[in-house]
Amino acid sequence: VSLVVTTYNWKEALALCLHSIARQRTRPLDVVVADDGSREDTARVVEELARDFPVPLRHAWQEDVGFRAARVRNLGIAASRGEYVVFVDGDMVLHPSFVADHLALARDGCYLQGGRLNASRAESQRLLDGGRVRFSPRMPMAPFVKGELKARHAFRVPPVAAMKARNPSRGIAMSCNLGVWRHDLERVNGFDERYEGWGREDDDLVTRLRHSGVQRRVLR
C-alpha cells in the first residue's frame with residue numbers, strides 16, 4: 001500500500017496527518033506528499049519528518065499556478081511504489097487501523113470509497129495545539145453537510161464494515177479517502193489533468209474506472 005497525501009500551505013495540519021500515518025498498526029510501503037505548490041516551509045516539515053519516519057517519505061511538489069489537484073495526485077502516483085494506492089487529504093488524522101482496514105477490504109476489480117468525519121472548529125484547533133486525538137461518536141463535530149458522514153460512523157466495527165462493503169454501489173466520489181489498485185489507475189491513465197480549479201476531478205476518475213469495469217465498494 002502507498003499513501004498519497006495532498007497538501008497546500010498548511011504545514012501544521014500536514015504534520016498531524018503524517019504523525020497519524022507513522023502510528024499505523026499496519027505500516028504502508030511508502031508515503032508521498034503530493035504538494036500543489038506550497039511554500040518552502042512545507043518542504044522543510046516533510047524533510048524533517050522523513051529523517052525518522054518509519055517508511056520512505058517523499059515530497060512531490062509542483063509550481064503554484066492555481067488549484068491543480070489532479071496533476072499533483074498523478075505526480076504522487078508516479079512517485080509511489082505500492083500496488084494499491086490510497087489517497088488522503090493533508091488535513092486528515094487517520095485512525096491507527098486505517099491502512100489495515102483498507103487492506104482487509106480491498107478486492108481485485110474494485111476500488112474502495114471511504115469518507116471522513118469533520119471535526120468542529122474548536123476540536124480542530126485543540127488538535128493543532130497538541131491535544132490528544134479522540135476517535136469517538138462523542139467527538140465535537142462540525143455541522144452536518146450533505147455527503148459527509150455522521151457521528152455514528154465514528155464506531156469502528158470491522159464485521160459491519162465488511163458487510164456494508166459487500167455489495168457494489170454508486171455514490172459521491174471523495175478523493176479524501178479513496179483506495180485504487182495501481183493497475184486500474186494505469187488502465188484509465190490516472191486523473192485527468194485538464195481539471196483545474198476545485199472539484200470534479202475525483203468524480204471523473206471513478207466514472208472512468210466504472211466504465212472500465214472497476215466496481216465501487218463502500219468503506220465505512
Any side-chain to backbone donor/acceptor pair from Q113 onto N177? Under 3.5 Å, distance only. yes
Can you confirm whether R187 is buried at CZ, in the sense that more than 12 heavy atoms of other residues, nucleotides or ligands lie under 6.0 Å from that atom? yes
Of all heavy-atom pairs between V72 and D36, which one has the smallest distance, and what is that distance? CG2-N, 3.9 Å
Between Q24 and H95, what is the shortest heavy-atom contact and its length? NE2-O, 2.8 Å
Close side-chain approach of R210 to T207, heavy-atom, < 4.5 Å: yes
Over 60° means perpendicular and under 30° means parallel, so tell me whether F191 and F87 are parallel, tilted or perpendicular. perpendicular
Which atom of A34 lies closest to which atom of V4, heavy atoms considered: CB-CG1, 3.9 Å
Do you know which two heavy atoms are closest between C110 and W181, and how far apart they sit? O-CD1, 3.4 Å
Nearest heavy-atom pair of V46 and V33: which atoms, and what distance? CG2-CG2, 4.1 Å
From the list V93, V88, T26, side-chain contact (heavy atoms from CB on, under 4.5 Å) with F98 holds only for V88
Are any of the side-chain heavy atoms of E63 and R68 separated by less than 4.5 Å? yes
Same cluster or not: are L29 and V85 linked, directly or through other Ile, Leu, Val, Met, Phe, Trp or Tyr residues, by side-chain heavy atoms under 4.5 angstrom apart? no
Can you tell if the side chain of L205 reaches within under 4.5 Å of the side chain of E201, non-hydrogen atoms only? no
Distance in Å, R27 CZ paired with I21 CD1, rounded so as to fall on 0.5 Å steps: 12.5 Å
For a 4.5 angstrom cut-off between non-hydrogen side-chain atoms, does K11 reach R39? no
Side-chain heavy atoms under 4.5 angstrom apart, residues restricted to Ile, Leu, Val, Met, Phe, Trp, Tyr: same cluster for L16 and V133? yes
Indicate the atoms forming the closest heavy-atom contact of R208 with G190, along with that distance. NH2-O, 2.8 Å
Could you check if a side-chain atom of R216 sits within less than 4.5 angstrom of a side-chain atom of V206, using non-hydrogen atoms only? no
Roughly how far, to the nearest 0.5 Å, is the CD atom of E47 from the CZ atom of F53? 15.0 Å
Kindly indicate whether the side chain of E12, heavy atoms from C-beta on, has any atom under 4.5 Å from the side chain of V45. no
Heavy-atom check, side chain of I77 versus side chain of R182, under 4.5 Å: yes
Within a strict 4.5 Å, meaning less than it, do heavy atoms of the L128 and W10 side chains meet? yes
Would you find more than 12 non-hydrogen atoms of other residues, nucleotides or ligands less than 6.0 Å from Q125 atom CD? yes
How far does OG of S97 sit from CZ of F135, to the nearest 0.5 angstrom? 9.5 Å
Going hydrophobic residue to hydrophobic residue with side-chain gaps under 4.5 angstrom, can you get from L75 over to Y195? no
Given T7 and D35, is the side-chain hydrogen bond (donor to acceptor under 3.5 Å, both in side chains) satisfied, shown in steps? CA-CA 5 Å; T7 192; D35 187 344; 5.7 Å; no
